[in-house]
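What follows is a short report on a single structure.
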Amino acid sequence: MDLRYSEADQVFRHALRTWLAEAVPARGKSPSIHDWEARRAYDTGWQRKLFDAGYAGINWPKEFGGRGASLMEELIYYEEMSRANAPGVGMNFVGVRHGGPTLIAEGTDQQKADHLPRILRGEEVWCQGFSEPNAGSDLAALRTSAVRDGDHYVVNGQKIWTSFGHVADFCELLVRTDSNSKHGGISWLVMPMDLDGIEIRPLPTLHGESDFSEMFLENVRIPIENRVGEENDGWRVTNVTLRFERGTAWAADIVHLQQTLVSLCELARATTRDEETAWNDRALRREIGHLSAEVESVWAMVKLQVSELAKTGVPGLGGSVIKLAYTELNQRVFELGTRLLGRAALSRDDVDGMPSLGMVDRYLQTLSLTIAAGSSQIQRNIISERMLGMPKEPRAN
Amino acid sequence: MDLRYSEADQVFRHALRTWLAEAVPARGKSPSIHDWEARRAYDTGWQRKLFDAGYAGINWPKEFGGRGASLMEELIYYEEMSRANAPGVGMNFVGVRHGGPTLIAEGTDQQKADHLPRILRGEEVWCQGFSEPNAGSDLAALRTSAVRDGDHYVVNGQKIWTSFGHVADFCELLVRTDSNSKHGGISWLVMPMDLDGIEIRPLPTLHGESDFSEMFLENVRIPIENRVGEENDGWRVTNVTLRFERGTAWAADIVHLQQTLVSLCELARATTRDEETAWNDRALRREIGHLSAEVESVWAMVKLQVSELAKTGVPGLGGSVIKLAYTELNQRVFELGTRLLGRAALSRDDVDGMPSLGMVDRYLQTLSLTIAAGSSQIQRNIISERMLGMPKEPRAN
Amino acid sequence: MPFEAVVEQAVKPFDGALWRDLAELGVLSLRTRENDGGLGLGMAEAVLVFAELGRRLLPGPLIWSALIAGLLPEVGKGGLVVTGLDQTRPASGPLMIEHWEGSNTLIVLDVEGVRRIETDALQARAVETPLDPLTPVHQIHALPPGERLADSATCQRLWSEGALLTAAQQLGIAVATLEYATSYALEREQFDRPIGSFQAIKHMLADMLVRKEQAMAAVYAAAATMDGRGVDDPQRMISTAKLIAGEAAHKNARGCLQIYGGMGYVWEMPPHFYLKRAFVLENGFGTMDEHADRIADRLGASATR
Amino acid sequence: MPFEAVVEQAVKPFDGALWRDLAELGVLSLRTRENDGGLGLGMAEAVLVFAELGRRLLPGPLIWSALIAGLLPEVGKGGLVVTGLDQTRPASGPLMIEHWEGSNTLIVLDVEGVRRIETDALQARAVETPLDPLTPVHQIHALPPGERLADSATCQRLWSEGALLTAAQQLGIAVATLEYATSYALEREQFDRPIGSFQAIKHMLADMLVRKEQAMAAVYAAAATMDGRGVDDPQRMISTAKLIAGEAAHKNARGCLQIYGGMGYVWEMPPHFYLKRAFVLENGFGTMDEHADRIADRLGASATR
């Protein structure tokens, strides 16, 4: 295993870093989280800038307008984006990381032509209509129904956790087209968000106002040609995006976590208690040292996976391992930050230079990580059944 | 809740302490663990001393020769025994704490007369024949069969974890008398250990030579009158000893754990690293403080349970709670002790005054605590199903 | 207070009516001597009440009122509303005061003793987004001397009582979050069965119950000891209670949130209110780390004897 | 070595035949330069070999041999058997030497550098009941100066390599205990199904796998960095590897023992051998606590830049 970067990698990194040094400050401050139109303009504007600079769709194949970067380049991309404090993918997330990749794998030529270039240029925002109130960990239990009526599906039901629902242009929607089969009765549709019968209600979270909505669908008529993949084959279609998962999904966040630990050291140096700095508290220092080792080893897992994959071309099941380790670790780091703040943690905004926003508010955000996209409990089941061959549990009658 | 001791309690404590001050030193050093006859003599001799002093069967009713102590007295008894470093119950364990109580609850007058006085006086040693190689957590899956032949049962099968098997006089034996019912096909027998067909093989454990054996039974003929309770009612009979469990089972060990934490402080003071004492390491001190809080709160649980029980007379399910908390905690305390020893932990005997025997060797012993008498996993199932009403899992087909 | 009321309360400022109700019930004068019109209860009774207040997430400067009502009986009647600041162990960082709005008087505990400062004499800035929506926080920049109310011995006693009443509220959080998690696990179905039938959930709940029981025992034992009805070192028992109950509050709230799954992330659901309150209480009257250090110091002292 | 052989080995003294086999395989001369008759391999290859040695519980002073074989090529050929003592960070307590029997030379690392002392010149007492039955231990009381072998820079390099090779063996323990636990969970039935079908066991195994993967990545990355094929701070990566692999070894061995249930307590079963070895390795070349402190120091230094 060689973890050094090749000369070509260094060239890539240098060019990206140079570009970011100019592009990031030029973006200005991100708008208020309450100003939805401004946020859309900000996020899609950044996507357009990436596109113009040749960095949009970093892991999309070149034939579909992506960068077609190597795995190592992709890793460098996330590292540099995080180090430069560049704007995140924001509301382009579903289109660039999820809907787009699904179309690349399973869409018709027409579907690809309609959406892929617009997603990459920041002209289309997508949202996700997967989860339902009674279909969370057990996603395949979804009940939103789609009934054929001529050349349309008539869709009725309720979705939850639809992020950016009220500013999105399209929704990747999972519907039930056959109620006699659980996994084999699901279809994957592209739903234009301007159709009649779609109601979006904001869903406040523990974080206060949020990016999430509930979506109510009443007799929404979606053309059959908007289906991706065969009817009732939607569960498989849903899983193809996993092919795009190359172990790099958490790379940017892990780099951020490394930076957070350095900030924690700085904060400890600046905090005094009982006439000594918190940095003098060896118990705290040791805890930071321990967490740093964990972050470094998770980062090493990502690099190892990328280096193996580059060699063998076969993606493993490592995604669940990294997800489980990283999300639990993330919560512990920001919980420690919150503890270190002492009573400044009673605020979620910075107070007197104490970084409550970056620690407390961030801690609250991390709480969803061990639930969303397969809870830690689900990940442990996946790991033990698929990687270690443990038998499934007996089913309920 | 009043946690003070009444005047009567204080009188009891004082008398016991005075007696122990003389009786414990008079017992002398315990014999080598390899000398079985000497150990039997030592343990049963101590039982006889307790009997003569009126402290045998502390929680047995007076009518069966016990002390009939109040709950608070029982607690004081364990406290004082532990503080005086008195000999443990040793190989009287099964008779005094398990077999005897079962006879008291379910035995015939003859069975009581035959065994109870002799157990209390240290004239009878019992062992347990419950677990089998394939019936551990799932004890009711036991297969050792007992088939009627005239006025005898003919018993065949294999038992494991039979402690003191080769010096015991009697065995409390669970056998299968009906193979068509799992829980409803078990019977409880008193087996004299001098019958033909009993083979005892010592079972070395991770601790080296051990008190445990495997027991092989081949056509052992046990008189039917040795059955306790009805045929096929043995599962219920097995559970009646729980009535004797008044939350005090772990009392002596918890007192010992408190003492261990004080020893840890002393050890830390006596250990230097990098020109400072280990006690100077605040991370270590904080860990000791944290563990002490946990030990104190588990001790408070025991007292609270005893005080509630004394008031209401209704024993709760608290035994599982205390067992789960105490056994996991116990391992953490001795693991910390082992860590503190540094390279002295490479020995299981004391080296140069470093207490490896009391820390490392003890740590190895604690490893069985989270497995024996219902593993931590089984305890969590019991707590969630019986105390919180969670549904049972679906059964295998 | 049903849970819907908690959510509503979250957007309100100080609730004078609720406060008067609590005063009438005697909650604020538990510790006021009977001669002075209070209930004159011991800590053993006070912790039961405060566990219940914690379980219901009642807002307001409850602990400071209960502490000071012994010195200033008017507080127990609800006429004088006090909040406080613990400066016995000064640390850098902003001076954060809970429930400033509605309070007339600020109580300060420090090594010298107990002081009172009229809030009119102070300038305070409201924190816009407090962590706990039910615990509004103000920041003050300077602390005038104020009026001396009691000596350092009284101050130490009040601090100990404050630590234990906080532990009682933390116990209440551990209890409530176990209750909510238990109901939800029975109700919520996934994979055609209640999630409470999965061992992962079962075992989380069992661990939550153990923590709750440990916290309850530690808090009750510390209270009995403070009342002179126990046999242990009161300071060590109080630190034990604050540490164990603090850990139970945090971990049970965290477990409750995880068991609620996506629903745990929804504003109107109980778990996050408890988790946030747990953080607030952790930062009052000594953190877990501080109390662990205190326990080790006392244990170490007994080891040299 | 099949597991039965491990159990047998537990009662034997130093196994000269096994040692000669290892020397012939090149295991002892991995790090000896090719000019000196060794394999001249990098750390990246050495950790693979040592992970395998850890996985199979191979006994003997393996790490000390690999370290010193670069300085004394005779060691790599198996002719000279060395054991060692790490005195770079002196602590009170007895001087405990592993695998004394069979060794001709004792290597001492301290702040001054590397020394060698002929074992004939020393008096050693055998420890009667060593923790690990496969790691016999002797105690020595005095340490004569001996002969200077290398300077402090070499000493630091050897110490770092020793820490990483120990981490590799710890990784091997994490791997083996996961393998044993996995097979046992599939095999052992209770309540009419393999215990591996219960979530409690499944989730323990999943956590063991995560720890094993983390340890593997940390050890490989540290090795690549030491070989100059990585981009990070080598000292921090080595400490990371020793800490993470040490934790994985201990916790996986502990988990394996718990999954084996009563069988885990039986002498002839694998889990306890691994747990005991994990304790021995933890106490070589820096404990988890020491390495965590080192990492924090380096991180703190970078924070002030």
Side-chain angles (χ1 to χ4, degrees), chain B residues 1-5 258 261-269 279 282 284-305 307-308 316-318 320-326 328-329 376-377 379-385 387-394, chain C residues 44 178 181-182 185-186 193-194 196-199 201-211 213-225 227-232 236-237 239-245 247-248 288-289 291-305:
Chain B
M1 183 179 59
D2 195 333
L3 299 174
R4 283 173 309 185
Y5 298 101
Q258 290 173 318
L261 283 167
V262 175
S263 321
L264 274 179
C265 296
E266 282 159 5
L267 181 57
R269 277 232 174 70
W279 184 249
R282 195 172 340 169
L284 175 79
R285 279 210 311 279
R286 189 167 292 164
E287 212 170 330
I288 291 176
H290 203 119
L291 285 170
S292 167
E294 297 218 48
V295 173
E296 287 300 330
S297 66
V298 171
W299 183 235
M301 273 207 290
V302 170
K303 286 198 287 191
L304 187 60
Q305 193 163 331
S307 125
E308 290 296 306
L317 286 157
S320 282
V321 176
I322 291 171
K323 203 254 176 196
L324 177 58
Y326 165 73
E328 300 274 344
L329 179 56
S376 292
Q377 285 70 37
Q379 300 302 337
R380 290 192 184 97
N381 259 23
I382 290 174
I383 291 170
S384 66
E385 288 173 12
M387 298 177 77
L388 292 170
M390 289 303 125
K392 287 187 177 294
E393 291 140 71
Chain C
L178 174 59
T182 302
L186 288 169
R193 47 194 258 214
S197 69
F198 290 97
Q199 268 191 352
I201 305 291
K202 280 186 176 179
H203 290 198
M204 280 172 76
L205 286 168
D207 288 336
M208 286 167 72
L209 182 134
V210 171
R211 281 194 289 266
E213 293 288 329
Q214 255 182 275
M216 187 175 294
V219 167
Y220 290 1
T225 306
D227 287 343
R229 284 185 287 174
V231 293
D232 305 292
R236 188 141 67 90
M237 287 310 298
S239 285
T240 292
K242 180 68 165 65
L243 193 163
I244 297 294
E247 194 163 27
M288 281 185 232
D289 284 350
H291 284 289
D293 289 349
R294 280 171 169 259
I295 293 167
D297 289 346
R298 296 188 85 85
L299 204 67
S302 77
T304 52
R305 273 207 301 260

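Chain A is the first sequence line, chain B the second, and so forth, proteins listed ahead of strands; every chain is numbered from 1.
- B:L329 contributes atom CG, which lies 7.5 Å from atom CD of C:Q214 (distance to the nearest 0.5 angstrom).
- There is no contact between C:R294 and chain B, counting heavy-atom distances below 4.5 Å.
- C:M237 touches chain B through its side chain: at least one heavy atom from C-beta onward sits under 4.5 Å away, while N, CA, C and O do not.
- When heavy atoms are compared at a cutoff of 4.5 Å, C:R211 does not approach chain B at all.
- Neither the backbone nor the side chain of C:I201 comes within contact range of chain B, judged by heavy atoms closer than 4.5 Å.
- Heavy atoms closer than 4.5 Å to chain C are found nowhere in B:L291, neither backbone nor side chain.
- Contact between B:L388 and C:L186 at its shortest, heavy atoms only, is O-CD1, 4.5 Å.
- Your options are C:M208, C:H291, C:M216, C:R236, and the one with the most heavy-atom pairs under 4.5 Å with chain B is C:R236.
- Summarising the geometry of C:A292 relative to B:H290, their closest heavy-atom pair is CB-N, 4.1 Å, with the distance given to 0.1 Å.
- Closest approach of C:A217 to B:M301, counting heavy atoms only: CB-N, 3.4 Å.
- For the atom pair C:K202 NZ and B:R380 CZ, the distance stands at 13.5 Å (nearest 0.5 Å).
- Taking a cutoff of 4.0 Å between a charged side-chain nitrogen and a carboxylate oxygen, B:R285 and C:D293 do not qualify as a salt bridge.
- Side-chain contact between C:R193 and B:P391: absent, with no pair of heavy atoms (C-beta onward) separated by less than 4.5 Å.
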### Query
Between B:E294 and C:T240, is a side-chain contact (heavy atoms from CB on, under 4.5 Å) present by the stated rule, with each step listed?
CA-CA 8 Å; B:E294 297 218 48; C:T240 292; over 6 Å; no
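- Atom CD of B:Q379 is separated from atom CG of C:D207 by 12.0 Å, given to the nearest 0.5 angstrom.
- The two residues C:I295 and B:A293 come nearest to each other via the heavy atoms CD1-CB, 3.8 Å.
- Both the backbone and the side chain of C:L205 come within less than 4.5 Å of a heavy atom in chain B.
- Note: B:S292 OG to C:R298 CZ = 11.5 Å, rounded to the nearest 0.5 Å.
- Using a 4.5 Å cut-off between heavy atoms, B:Q377 touches chain C through backbone and side chain atoms alike.
- In this structure, B:A300 and C:A218 approach most closely via the heavy-atom pair CB-N, 4.2 Å.
- Distance check: C:S197 OG to B:K392 NZ gives 12.0 Å after rounding to the nearest 0.5 Å.
- Neither the backbone nor the side chain of B:W299 comes within contact range of chain C; no heavy atom of the residue lies under 4.5 Å from a heavy atom of that chain.
- When C:G196, C:S239, C:A223, C:A215 are compared by the number of non-hydrogen pairs under 4.5 Å with chain B, C:G196 comes out ahead.
- Using a 4.5 Å cut-off between heavy atoms, C:D232 contacts chain B through its side chain alone, with no backbone atom that close.
- Interatomic distance, B:S384 OG to C:M204 CE, rounded to the nearest 0.5 Å: 12.5 Å.
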